[in-house]
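Before any comments, here is the structure.
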Amino acid sequence: MPIDFNSATKLIMLTTDTTTYQMKVDPYGYLIHLYYGARTSGDMSYLVTYADRSGMCGCPYDVHDRTYSLDVLPQEFPFQGSGDMRSPLLVVRDAEGAFGCDLRYVGHTISNGMFSLPGLPAVYSEEDDEAQSLSVQLRDERLGLEVELLYGVLPHFDVITRALIVTNAGNASVTVERLQSACLDFVHGDLDVMTFNGRHAMERRPDRHRIGHGSFSVGSRRGMSSNQYSPFMIVCDHAATEFNGRAWAMNYVYSGGFEAEVERDQYNQVRVQMGLSDDRFSYPLNPGERLVAPEVIMAYSHEGIGRISNIMHRCIRKRVCRGYWRDRRRPVLVNSWEAMHFNFNGDSLLDLAKTAADLGIELFVMDDGWFAERDNDICSLGDWRVNEKKLGRSLAELADQINDLGLKFGIWVEPEMISEDSDLYRAHPDWVLALPGKAPTLGRDQLVLDLSRVDVRDNLFEQLCGILDQAHIEYVKWDYNRCITDAYSRTTTDQGKVLYDYMIGVYDLLERLIKRYPKVLFEGCSAGGGRYDAGMMYYTPQIWTSDNTDADNRLTIQYGSSFGFPLSVMGAHVSACPNEINNRTVPLTTRGHVAMAGGSFGYELDLNELPGRAFDHIRRQISLYHEIENIVCEGELYRLSSPMDDDVCAWENVLEDGSEAIMTAVVLKVEGYAQANYVTLRGLTPGANYRELTTGVVYPANALMDMGMPLPVNTEMYASYLYRFERVEG
Ligand code: DGJ
């Protein structure tokens, strides 16, 4: 069974296909973390050592044993007040304002299927017998505080997830001041941490360094997971590589502010944790109320970091993404933004759509600028009514004309925002998040609507349904272009709840919409990739990865994004050169190859500005994409080299059964009379032969995976090569 409890030893063991996770209820009712690593059996209690810690604190009053210190022992759920002075997962204050609690084990239950979280996205199971859930109940007698630790085990996906629910079962109010969802305590190890950092238009660049003493954290205080830091973190052996060594990962299923922390303590032990940002967080619970900590997906690999990515890819693609589009191939799209920005009318859109249809594109997306007086970005957010004058026709007529060309039709919205210059703001100035008496901070000249309020959400739901019901709309791009600075809601006196309740409100609105329009493809977006997280992926099975469409920069952005998130979600488009963000020119072939690394492929340029000869090229690009998209989306990814460190950036996608593979390589450095670059492949069936489909050459898999294959010697900067391999019998 995936979850096992030994009543004699009080050992709780979670098992997946290749991993084991263990914790133990000790004689004093504390939960000691024992192990998360390669699959094994037996009791790992031997890993925990006890010695006189009388110079330390951390010995509970009823223990009277100087070799017992919670300040040192590896813990499953460290909370403030136990004497553990490392960074806790939970901090509470009682009604008098005093800090501290004492949570002890009272029981547990095991059930089939994955747990679900009220109001929050979570990994799900399809069949009850594919997963098991564990609920461990802890209780603080003084406060009447109950904590339910939740674990979900999906054995064949090789993931274990964690979340928790804090309930005030006492008689007085309790305030939650810090709430993290998961931690891993390592009793020893020379470990590195990898985080994914960036900014608008340059998201998720990997950053790796050794975990030293003290604590290191990344996170977001922006009310969104953010362009700056990704809510995904890897901890690995200092010597681990893509293909070797041990690695652990945490992926937060939440789109608001977060904190991911590593801490090396006085005994060289390491604590890794992930959860809500403490920033402007202070959540009072009245008697009977509860607070749910979002889920963290955990993975372990003893075959390097690459395997962590493939575990995350499969889990998010199959058990976080949902609905009609989860397993369907995504239409190749053209988006009007980089083609026209706000400067379009119905006729120019149709001109673009005609060319798109002629080239084999399948979906036309009308981006920002189609509603109210929106001819620039300083007005009209909140007024979701069609600007028929600008379009020269109704939305239904435009959609029909685009459908008549053989294209699906989609629109852009940014529902969470409001412009001061809008009818909605004039009617409801109190609907924004803003501090009374303080001029609000602007971002892109817009304010954030208070989605913690039901009336605001109801209004948006009605407005959006009003748009989606009036035309044949099959796709919606859901944008979000600023962070939350003034987190003040008029409807509560507890402002420390607002950022969390805001996210619950966003999820509620999205849930209502995807339920009502189950076949509409929702694409997430937040100034590019500012909410590129597993929480949003529960609602939007594809996300615009970055506003930066330059193929060179995209290599790094997509490389970094691929560590934690599946390629099927990755929106990647071919755009014009010189690129509008960094002025770089990259060949069309390379722009295509780089965009084909994502499972949501498309174009984002004025196709009518292209020289005629580019048209055949694009037709070939699209048909190539259709031939390989299943390998991109469903295959395993191998990052063969790095766009940040290597002369060639190469990656490979291999179907799980090894029958087909693609290897793509982009040249990032050229020298005079240089030696050929060799690329070593991975993941092919050992001993088999593979035919490269363009040249017909047959290669032995063992040689490709040992000495590799040379790229053309006479190359040039940004040249790219895409090889398709098929296993041949015999
Ligand atoms: C930011 C997005 O990332 C862009 O793709 C585009 O939709 C603009 N917003 C429109 O305002």
Side-chain angles (χ1 to χ4, degrees), residues 198-204 222 224-228 230 255 330 333-344 348-349 352 363-384 387 390 409-419 421-422 442-449 464 467 473 475-483 521-533 536 540 542-551 553-554 557-558 561 569-576 579-582 591 595 598 600-606:
R199 58 175 183 267
H200 175 224
M202 206 61 226
E203 293 88 348
R204 287 174 296 286
R222 295 167 192 268
M224 60 201 275
S225 51
S226 88
N227 308 70
Q228 285 71 16
S230 177
S255 316
R330 313 289 157 71
L333 65 83
V334 63
N335 179 298
S336 67
W337 183 245
E338 285 192 36
M340 303 172 176
H341 296 278
F342 294 105
N343 310 316
F344 59 81
S348 60
L349 291 176
L352 180 60
L363 163 67
F364 183 88
V365 179
M366 176 171 66
D367 209 280
D368 196 355
W370 57 267
F371 53 96
E373 275 67 59
R374 183 86 168 168
D375 288 325
N376 53 46
D377 63 7
I378 60 172
C379 71
S380 298
L381 291 173
D383 295 346
W384 299 105
N387 185 345
K390 181 168 178 173
F409 175 64
I411 59 166
W412 174 98
V413 293
E414 191 177 1
E416 297 160 69
M417 298 292 163
I418 184 164
S419 308
D421 182 5
S422 67
L442 295 173
R444 210 192 189 196
D445 277 299
Q446 62 201 44
L447 302 172
V448 187
L449 279 166
L464 292 170
I467 295 294
I473 294 167
Y475 163 104
V476 171
K477 178 177 173 187
W478 185 287
D479 208 344
Y480 179 87
N481 281 302
R482 63 158 291 179
C483 56
L521 173 58
F522 282 84
E523 172 157 3
C525 176
S526 172
R531 270 200 317 209
Y532 201 89
D533 56 68
M536 283 308 284
T540 63
Q542 65 188 49
I543 303 189
W544 184 224
T545 313
S546 175
D547 273 349
N548 188 337
T549 53
D550 163 55
N553 286 173
R554 268 293 179 128
I557 295 165
Q558 295 178 182
S561 304
V569 171
M570 189 184 278
H573 301 169
V574 174
S575 65
N579 184 271
E580 68 170 33
I581 280 198
N582 63 12
R591 280 179 272 156
S600 161
F601 176 69
Y603 292 82
E604 179 131 357
L605 73 172
D606 190 348

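Indexing begins at 1, ligand by ligand and atom by atom, following the structure's order. All residue numbers in this chain count up from 1 along the given sequence.
Counted within 6.0 Å of CD1 on Ile581, heavy atoms from surrounding residues, nucleotides or ligands total more than 12; the atom is thus considered enclosed.
Between Asp479 and ligand 1, at least one N/O pair is under 3.5 Å apart. Note: an N/O pair closer than 3.5 Å links Arg444 and ligand 1 by distance alone. Considering both main-chain and side-chain atoms, Asp547 comes within under 3.5 Å of ligand 1 through a nitrogen or oxygen pair. Considering backbone and side-chain atoms alike, Gly528 places an N or O below 3.5 Å from some N or O of ligand 1.
Defined by atom type and a distance below 3.5 Å, a donor-acceptor pair is missing between the side-chain atoms of Thr549 and Glu604. In the model, Ser419 has no side-chain atom that pairs as donor or acceptor with a side-chain atom of Asp445 under 3.5 Å. Side chains of Asn481 and Glu414: a donor-acceptor N/O pair is present below 3.5 angstrom, by distance only. A donor-acceptor contact closer than 3.5 angstrom links the side chains of Asp533 and Ser255.
Near Cys525, meaning under 4.0 Å from any of its heavy atoms, are these atoms of ligand 1: 2 (C), 3 (O). Atom numbering of ligand 1 starts at 1 in the shown order; those under 4.0 Å from a heavy atom of Trp544 are 3 (O), 5 (O).
The distance between the ring centers of Trp412 and Tyr475 does not fall below 6.0 angstrom.
Across Asp367, Val413, Asp368, heavy-atom proximity to atom 7 (O) of ligand 1 is greatest for Asp367.
Every heavy atom of Glu523 sits 4.0 Å or more from the atoms of ligand 1. Taking 4.0 Å as the cut-off, Lys477 counts as a neighbour of ligand 1 on heavy-atom distance.
The shortest distance between side-chain heavy atoms of Arg374 and Leu381 falls below 4.5 Å.
Here His341 has no heavy atoms under 4.0 Å from ligand 1, in either its backbone or its side chain. Looking at Ser526 against ligand 1, nothing comes within 4.0 Å, counting heavy atoms. Here Asn481 has side-chain heavy atoms under 4.0 Å from ligand 1, and that is the only part of it that gets that close.
Judged by distance alone, the side chain of Arg482 and the main-chain N or O of Gln446 form a donor-acceptor pair under 3.5 Å.
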